[in-house]
Q: 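Please see the structure below; I have some questions.
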Amino acid sequence: MDLFEAAGQQEREANAPLAVRMRPRNLDEFAGQSSIVGQGSVMRGIFEGRIVTSVILYGPPGTGKTTLAHLLASATDSYFDSLNAVTSGVADIRNAIRDAAERRSMHGQSTILFIDEIHRFSRSQQDALLPAVEDGTIVLIGATTENPYFAVNAPLLSRTRVVKLEPLTREDVRAIVRNALSDSERGLGGEGINLVGEAEEFLLDLSAGDARAALNLLELAASATGTKEERCIDVALLQECSQRAHVAYDKSGDAHYDVASAFIKSMRGSDPDATLYWLARMLEAGEDPNFIVRRILIQASEDVGNADPMALVVAQAAAATLDRVGLPEAQLALAQAAIYVATAPKSNATTAAIGAARSDVRRDGGRAVPLHLRDAHYTGAQSLGHGVEYQYPHDHPNGYVPQSYWPTDMEPRTYYQPVARGHEDTIAERVAQWRRSRPAR
């Protein structure tokens with residue numbers, strides 16, 4: 001590197017975003033993720049040269065995936081190459097692998113290939129990496145915010161270690177923010193910038209464990225204070241700069257399924273407040289409201305069922321309201337239905353019953369319909385014996401008559417087992433009495 005190149009690099013570093021300038025220079029400066037970079041961990045082994053393996057770094061934004069890759073570049077004797085899956089194609093992959101092979105054969109130097117957002121590679125692009133990872137031409141470091149077990153091909157996964165990064169804790173992000181405010185070499189130290197009042201706590205709330213988001217917002221707010229000697233950042237300024245809290249949610253990705261799962265489990269677990277929180281997360285992120293109402297409809301039958309039959313009615317009314325008025329007004333109907341399902345008595349008896357019945361049908365569903373249950377509405381049906389011995393329940397006291405409704409060569413089964421909760425407690429008494437009166441086979 002000549003003097004002009006060195007000067008250019010220094011200028012780029014000086015003008016880089018705060019989040020880039022404050023990137024840790026070694027593992028000791030790395031915030032959080034002690035299970036990932038601590039003693040005895042896979043990443044520590046790679047840094048210390050004890051382990052040479054390809055890894056997929058999986059975690060939310062701003063948790064250190066790219067930083068770990070950069071630290072590897074400076075800590076290893078390997079050549080460091082990088083691609084971004086958004087802008088790279090198969091040709092770029094092949095060129096990187098060709099260069100790595102030449103490096104190994106001519107200089108005996110191994111290559112670490114870092115691929116950011118690897119989940120965005122297509123199947124064919126991921127397949128192009130397989131031979132080079134398999135024979136050690138490259139050590140692959142992939143970074144992804146999506147669950148690699150969904151987003152990365154199984155053959156590539158089998159040749160790598162998945163390392164999961166967790167969202168940074170509140171105290172981790174606090175330390176990063178304070179370091180940026182005090183560091184006069186790379187950060188904002190010496191510029192007279194202070195977080196006043198509840199600004200620090202508000203900034204931590206907005207960042208939600210994302211260090212990059214925290215530093216980006218801090219830098220934006222700092223620039224909005226101008227060049228005064230006393231430059232104070234308060235909650236109002238942060239609100240103005242953020243416009244809207246960052247919602248960690250990707251409608252087509254892993255967070256979509258995680259938030260939906262939390263919503264479903266909160267309804268099932270009878271926690272209306274948590275249910276509303278996850279519902280709000282989906283609404284704020286712009287989730288398709290039809291997806292939300294479908295989940296409420298399903299839960300009304302799956303987890304409430306006949307313990308409170310009105311749950312399905314309320315859920316269906318919410319679906320109709322959504323069709324009629326749309327958002328934002330329909331959010332009230334969605335919330336009402338979700339609360340109703342969450343607070344209703346719970347029974348999964350319907351779920352278990354239809355599951356058991358379908359299992360039997362798949363095994364031996366070809367049994368003949370008994371003559372007395374067959375269709376008898378057409379001319380000549382009775383001459384075939386159809387419906388001749390059928391007893392019409394309404395002709396008997398209480399609208400019930402003991403008779404068999406099962407195939408003649410099948411013993412009656414018990415699928416539906418009502419629970420002793422809500423309306424199903426009453427149903428259980430009737431069903432038990434009817435079953436006791438079943439005719440013997």
Side-chain angles (χ1 to χ4, degrees), residues 19-20 23 33 36 42-43 45-47 51-107 109-166 210 212 248-259 285:
V20 175
R23 184 168 281 156
Q33 312 297 347
I36 304 300
V42 172
M43 293 306 300
I46 294 174
F47 274 92
I51 302 174
V52 179
T53 185
S54 294
V55 298
I56 302 292
L57 301 173
Y58 158 48
T63 53
K65 300 183 297 296
T66 303
T67 294
L68 281 176
H70 281 273
L71 289 179
L72 275 173
S74 60
T76 178
D77 292 331
S78 300
Y79 182 86
F80 188 84
D81 197 2
S82 64
L83 296 174
N84 189 299
V86 175
T87 57
S88 303
V90 172
D92 299 300
I93 296 171
R94 288 174 177 162
N95 288 338
I97 292 173
R98 183 199 62 218
D99 293 343
E102 290 179 359
R103 230 174 268 119
R104 185 170 67 168
S105 63
M106 296 179 64
H107 307 291
Q109 185 181 29
S110 61
T111 297
I112 291 176
L113 177 61
F114 173 63
I115 300 180
D116 198 12
E117 300 194 76
I118 193 171
H119 61 276
R120 294 185 181 272
F121 269 162
S122 67
R123 185 176 211 43
S124 60
Q125 289 170 317
Q126 292 183 29
D127 285 346
L129 294 165
L130 289 175
V133 173
E134 179 77 42
D135 64 17
T137 300
I138 60 170
V139 174
L140 172 66
I141 307 293
T144 176
T145 57
E146 303 296 327
N147 190 328
Y149 295 102
F150 296 144
V152 179
N153 292 350
L156 189 55
L157 277 179
S158 69
R159 293 163 173 82
T160 59
R161 290 280 297 273
V162 174
V163 177
K164 189 174 188 299
L165 283 75
E166 300 295 338
D210 184 335
R212 186 188 300 110
Y249 193 90
D250 180 348
K251 289 188 287 182
S252 63
D254 197 35
H256 162 83
Y257 297 104
D258 286 344
V259 173

Q: Do you know the tightest heavy-atom contact between Q126 and I118?
A: NE2-O, 3.9 Å
Q: Apply the test side-chain contact (heavy atoms from CB on, under 4.5 Å) to residues T160 and V152: give CA-CA distance (whole Å), side-chain angles for both, the deciding distance (0.1 Å), then the verdict.
A: CA-CA 11 Å; T160 59; V152 179; over 6 Å; no
Q: Would you give the length of the straight line joining atom CD1 of I115 to atom CG of L57, rounded to the nearest 0.5 angstrom?
A: 12.0 Å
Q: Show the numbers, then the answer: is there a side-chain contact (heavy atoms from CB on, under 4.5 Å) between L140 and L156?
A: CA-CA 10 Å; L140 172 66; L156 189 55; 4.1 Å; yes
Q: Does S88 reach the main-chain N or O of A85 with its side chain, forming a donor-acceptor pair under 3.5 Å?
A: no
Q: Quick one: does D92's side chain have a donor or acceptor within less than 3.5 Å of a partner on G89's backbone?
A: yes
Q: Determine the minimum heavy-atom distance between A128 and I97, stating which atoms define it.
A: O-CD1, 3.5 Å
Q: Do you know which two heavy atoms are closest between A143 and D116, and how far apart they sit?
A: CB-OD1, 3.6 Å
Q: How many angstroms lie between atom OG of S82 and atom CD1 of I141, to the nearest 0.5 angstrom?
A: 12.0 Å
Q: With rounding to the nearest 0.5 Å, note down the distance linking OH in Y58 to OG1 in T63.
A: 10.5 Å
Q: Can you find a side-chain donor-acceptor pair between R161 and T53 that sits under 3.5 Å?
A: no
Q: Spell out, as yes or no, whether a donor-acceptor pair under 3.5 Å connects the side chain of N153 to the backbone of P155.
A: no
Q: Identify the two heavy atoms, one from H119 and one from A151, that lie closest to each other, and give their separation to 0.1 Å.
A: CB-CB, 3.5 Å
Q: Find the distance between CG (L129) and CD1 (I93) and round it off to the nearest 0.5 Å.
A: 4.5 Å
Q: So, taking the atom named CZ in R120 and the one named OG1 in T145, what distance separates them when rounded to the nearest 0.5 Å?
A: 7.0 Å
Q: Return yes if a side-chain donor-acceptor contact under 3.5 Å exists between R104 and T137, otherwise no.
A: yes
Q: Aromatic rings F80 and F114: how do their planes relate, parallel, tilted or perpendicular, breaks at 30° and 60°?
A: parallel
Q: Side chains of R159 and S54: closer than 4.5 Å at any heavy-atom pair?
A: no
Q: Surrounding CZ of R94 (heavy atoms of other residues, nucleotides or ligands, distance under 6.0 Å), is the total greater than 12?
A: no
Q: Identify the two heavy atoms, one from Y79 and one from Q109, that lie closest to each other, and give their separation to 0.1 Å.
A: N-NE2, 3.5 Å
Q: Can you tell me if K65 uses its side chain to pair, donor with acceptor, with the backbone of I56 under 3.5 Å?
A: no
